[in-house]
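For reference, the structure discussed in these notes is given below.
Every value quoted in this text rests on a predicted model; they were computed, and no experiment measured them.
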Amino acid sequence: MADKEQKADEIEIKAKKPTDFHGFALYTFKARRPNSADVARNGGDSGDGGVSSKAVEGNVADFLRKEATSNCDFSLSLLSTNLSGEQETELRKFMAKRLARGTVYSGSGNISTLEDFFPDESAVCYYCFLRGGKEDDEGCSDHHDADSPEFGSFLSSDYVVCLVSGGKSGLDLFQKELDDYSNGLLPYIENYISSESQDVQESFKHLESWYDDNIRFVCRCTHLLKEDLASLVQLGLLGGKLQVESDDNRLKNDLKMFVNACSTATFNALGIAQDTSKLKETESLACKCAAAIPTELVLKTNGVEYSLDNKVTTRFCREWAKTLLTDTEDNPVFLRQVIENYKLRVNHDMNTLKRLLRQAETDHYALYRSYVFLLKCGNGPILLRNATLEARALCSEDALNIIQVLEEFIEENNQFGIEALSERIRTDEK
């Protein structure tokens, strides 16, 4: 009976089109790894009792090489999957080759192409290595002598997550979401391993919706908010905080993932605190823009209708949202490509502004060009605010002085028109 059900499942999997197929496979990975503490003790001295930097670099390189070569003797066992037997076999062969090379590291996943995974068509595979714990083999270690490869090593108990989809699914655009999702699976896996009574199919059944949870969230957000996507886009660029009041936990996660997808690398790269209350320390236009353009947003929704406590956005963010609505809302690859293209424009504009600010330290005409650029780019308040935060984080007094001059001039002329825009939106809502 079980064989008939398995064959029926395999027929159903093969009947699916590659574009509609989204499979997964979980593996346990066991290998004997070198002890990093033993490698560190074998490092070279600098001559004064310390450890030289070259010795440290050599130790790290030696450790990675030793760990990579240890992968030649490992076991890769299937834990759970929704792939057919033939597909799972091909996937396991592929992963075994990658693991044997020692080029698969924990922390972030990789994306590769699986040739002929479907009949006459390739597939895309995302795979991520998850560090587990140490296998209890203390009794065996007592029998290894100092010359044995097993001496000074331990048996690891790790896991491999594989997510497979059609060749045009655009998984590379969603790697950050897939990394977060895969790393979040570790507690579920360890809980199952420690509890022998749980059913493997029920424990990992939620993995069948991995594509819907981590890729199609952009479609659901676009369908719900339409033009008001500009508010979430702007919140992402500001590194702001979104509060969602809803009983739908999946929708809450979708909206927060969308905001994170729209954020640029400025805050993370510099470790800038995304706490807008710190802007109150100075009375600058950047602070006034943050007051009119919200850095904290409350969204109430029942899944069909919604309300935002503030809809004031810049022209650039409205243009971004409009572009997201120019194609079908059911194409997550298109939507994510639009997001990434606009993020490139934001980074380009930010670099242009910083270059002009540096030139303005010795050139008054460059100061005027900075002013004109901020007015014409359509995203002036956000760029100026983020440039201010970055200058403060880097303790750049010259840049802060130039920004202060710009702020005072723009404030006197109200060229951004943020207050007028805010008043117009309040009137429209009434």
Side-chain angles (χ1 to χ4, degrees), residues 13 16-29 71 74 76-84 86-118 121-132 158-190 192 203-220 250 253-254 257-258 260-261 331-337 339-340 343:
I13 290 172
K16 287 185 178 181
K17 296 180 181 179
T19 53
D20 300 328
F21 178 79
H22 313 296
F24 76 91
L26 279 180
Y27 296 98
T28 59
F29 176 82
N71 285 345
F74 64 85
L76 187 65
S77 304
L78 179 65
L79 188 60
S80 180
T81 186
N82 65 344
L83 301 175
S84 68
E86 182 180 351
Q87 289 174 337
E88 192 278 319
T89 301
E90 290 298 320
L91 178 60
R92 197 187 312 202
K93 289 179 181 178
F94 168 81
M95 286 307 307
K97 291 179 181 178
R98 292 298 175 110
L99 291 167
R101 295 175 188 168
T103 57
V104 182
Y105 304 104
S106 60
S108 62
N110 297 276
I111 296 177
S112 298
T113 301
L114 299 175
E115 300 295 342
D116 299 326
F117 189 81
F118 301 108
E121 192 167 339
S122 62
V124 175
C125 176
Y126 166 90
Y127 56 94
C128 184
F129 186 84
L130 303 179
R131 290 281 191 188
D158 304 319
Y159 311 98
V160 179
V161 180
C162 296
L163 307 174
V164 184
S165 188
K168 298 181 180 179
S169 54
L171 297 188
D172 55 313
L173 296 171
F174 297 88
Q175 180 157 350
K176 183 182 182 300
E177 288 78 9
L178 294 176
D179 285 344
D180 293 340
Y181 178 77
S182 297
N183 285 290
L185 293 176
L186 188 58
Y188 291 96
I189 299 174
E190 292 181 333
Y192 167 76
S203 297
F204 302 111
K205 188 175 179 61
H206 64 283
L207 267 72
E208 295 180 0
S209 62
W210 68 266
Y211 185 86
D212 199 47
D213 294 338
N214 298 281
I215 308 298
R216 296 193 59 82
F217 71 92
V218 289
C219 301
R220 292 190 289 273
R250 179 171 139 174
N253 192 49
D254 286 347
M257 286 173 68
F258 187 90
N260 291 334
N331 187 348
V333 177
F334 167 80
L335 295 175
R336 191 54 183 263
Q337 286 175 334
I339 290 173
E340 296 303 320
K343 284 167 66 175

Legend entry - CE on M95 to OH on Y127, rounded to 0.5 Å: 6.0 Å
Inset, instruction - Compare every heavy atom of R131 with every heavy atom of L186, then report the nearest pair and how far apart it is. - result: CD2-O, 3.5 Å
Inset, instruction - Taking the side chain as every heavy atom from C-beta outward, state whether T28 and Y159 have any pair of such atoms under 4.5 Å apart. - result: yes
Inset, instruction - Look only at the side chain of D179 and the backbone of G109, and say whether a donor-acceptor pair between them is shorter than 3.5 Å. - result: yes
Legend entry - All ring pair (Phe, Tyr, Trp, His ring centres under 6.0 Å) counterparts of F24, not counting sequence neighbours: none
Inset, instruction - Taking all non-hydrogen atoms of both residues into account, name the closest pair between S182 and Y126 and its distance. - result: OG-CE2, 3.1 Å
Inset, instruction - Give, for atom OG of S122 and atom CD of E115, the distance between the pair rounded to the nearest 0.5 Å. - result: 5.0 Å
Legend entry - Partner of L91 by side-chain contact (heavy atoms from CB on, under 4.5 Å), out of L114, L78, T81: L114
Legend entry - Distance-minimising heavy-atom pair for L83 and A25: CD1-CB, 4.2 Å
Legend entry - Reported CD-to-SG distance for the pair E90 and C125, which is rounded to 0.5 angstrom: 12.5 Å
Inset, instruction - Side-chain contact test, heavy atoms from C-beta onward, threshold under 4.5 Å: evaluate it for L173 versus I215 and give yes or no. - result: no
Inset, instruction - Could you pull out the closest heavy-atom pair between A261 and E340, with the gap in Å? - result: O-OE2, 4.4 Å
Legend entry - Contact check, side chains of R220 and D212, non-hydrogen atoms, under 4.5 Å: yes
Legend entry - Exercise: identify the closest heavy-atom pair between V164 and A123: CG1-CB, 4.0 Å
Legend entry - Least distance between heavy atoms, V333 atom then S169 atom: CG2-O, 3.4 Å
Legend entry - D180 CG to K176 NZ distance, which is reported to the nearest 0.5 Å: 4.5 Å
Legend entry - Flag side-chain contact, heavy atom, 4.5 Å: E177 against F217: yes
Legend entry - CH2-CG distance between W210 and L178, expressed to the nearest 0.5 angstrom: 6.5 Å
Inset, instruction - Determine whether M257 and D213 make a side-chain contact, defined as any pair of heavy atoms from C-beta on separated by less than 4.5 Å. - result: no
Inset, instruction - Classify the ring geometry between F118 and F21 as parallel (under 30°), tilted (30 to 60°) or perpendicular (over 60°). - result: perpendicular
Legend entry - Given V161, V160, L26, the one that forms side-chain contact (heavy atoms from CB on, under 4.5 Å) with L130: V161
Legend entry - Nearest-0.5 Å distance, CD1 of residue I189 to CZ of residue F204: 5.5 Å
Legend entry - Min side-chain heavy-atom separation L207-L185 under 4.5 Å: yes
Legend entry - Charged tip of R336 within 45° of F174 ring normal and under 6.0 Å: yes
Legend entry - Residue pair Y192 / S80, side-chain heavy-atom distance below 4.5 Å: no
Legend entry - Close side-chain approach of R92 to L76, heavy-atom, < 4.5 Å: yes
